Amino acid sequence: AQSVSQHNHHVILSEAASLELGCNYSYGGTVNLFWYVQYPGQHLQLLLKYFSGDPLVKGIKGFEAEFIKSKFSFNLRKPSVQWSDTAEYFCAIGHNNFNKFYFGSGTKLNVKP
Amino acid sequence: KAGVTQTPRYLIKTRGQQVTLSCSPISGHRSVSWYQQTPGQGLQFLFEYFSETQRNKGNFPGRFSGRQFSNSRSEMNVSTLELGDSALYLCASSLGLGTADEQYFGPGTRLTVT
């Protein structure tokens with residue numbers, strides 16, 4: 001069965017620290033890859049997405065993610081986090097064959113001012 | 001352009017009751033998907049509707065059902081509620097079918113079953 005794994009459930013960082021959140025998926029076919037963010041009290045919103053081309057994609061608010069096909073990974077990074085990045089982050093894959101999205105269990109990021 | 005709206009925002013129900021949740025997609029969007037969000041489980045896909053037809057279904061029991069109207073608005077129904085149905089139910093809309101279209105999420109309906 002297809003699955004998306006986010007190994008870090010809760011991450012605590014100080015402001016200006018670098019961030020990397022892991023995401024791995026289990027499916028060998030063609031997928032579209034997404035990172036969503038849910039700020040406290042707000043809707044889920046798209047951070048960035050990857051369909052094809054350059055495996056390093058840039059999203060909003062200084063976030064980027066790298067698709068490594070051989071590792072089935074799509075890790076999210078930010079060089080220097082801010083307190084306002086405190087949120088829950090979800091990795092998702094869009095499975096083209098089944099037209100379905102599969103979400104990871106989420107990573108809660110707490111940035112200390 | 002107005003975002004995805006969901007009503008009601010909060011619900012408290014008793015075991016055995018049924019509940020109906022409503023979702024209005026972004027104007028022009030024809031696809032509506034429903035998800036159940038619980039702590040530690042992330043988002044679990046319930047079903048997707050496009051042009052009033054259910055196109056995809058997740059692994060949920062038959063107590064969970066939905067429909068979509070001609071104006072793309074969608075409703076989700078849960079019958080014979082169980083304590084484990086307590087969750088945030090999210091609706092997402094997109095322009096079309098397929099996973100290349102960005103999904104826009106609503107604020108969710110927080111359902112508590114006592």
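Within every chain, numbering begins at 1; the chains are lettered A, B, ... in the order of the sequence lines, protein sequences first and strands thereafter. If you're wondering where the values come from, they're calculated on a predicted model, not measured in any experiment.
- If you measure heavy-atom distances from A/Q6 to chain B, you find no contacts under 4.5 Å at all.
- Interface remark: B/Y35 contributes side-chain atoms only to the contact with chain A (heavy atom separation under 4.5 Å).
- With chain B as the partner, the residue from A/E88, A/Q42, A/Q38 showing the most heavy-atom pairs under 4.5 Å is A/Q38.
- Interface remark: B/Q44 contributes no atoms to any contact with chain A (heavy atom separation under 4.5 Å).
- Contacts with chain B were tallied for A/L46, A/L44, A/N32; A/L44 has the most, counting heavy-atom pairs under 4.5 Å.
- Geometrically, A/K78 engages A/F63 in a cation-pi contact defined by less than 6.0 Å to the ring centre and at most 45° from the axis.
- Between A/Y102 and A/Y25, the distance from one ring center to the other does not fall under 6.0 angstrom.
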Using a 3.5 Å cut-off and no angle test, enumerate the donor-acceptor pairs between side-chain atoms of residues 16-26 of chain B and protein atoms at least two apart in sequence or in another chain.
unit_1, atom_1, unit_2, atom_2, d
B/Q17, OE1, B/T14, N, 2.8
B/T20, OG1, B/N77, ND2, 2.9
B/S22, OG, B/R73, NH1, 2.8

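- Here B/F47 contributes atom CZ and B/N56 contributes atom CG; the two are 12.0 Å apart, rounded to the nearest 0.5 Å.
- A/F101 touches chain B through backbone and side chain together, each having a heavy atom under 4.5 Å away.
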Quiz item: What's the verdict on side chain to side chain contact (heavy atoms under 4.5 Å, CB included) for A/F74 and A/I93, showing C-alpha distance, side-chain angles and the deciding distance?
Solution: CA-CA 10 Å; A/F74 190 54; A/I93 66 168; over 6 Å; no
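- Only the backbone of B/Q41 comes within contact range of chain A, judged by heavy atoms closer than 4.5 Å.
- Checking B/H29 against B/D101 by side-chain atom types alone, no donor-acceptor pair falls below 3.5 Å.
- Your options are B/G42, B/G58, B/G108, B/S33, and the one with the most heavy-atom pairs under 4.5 Å with chain A is B/G42.
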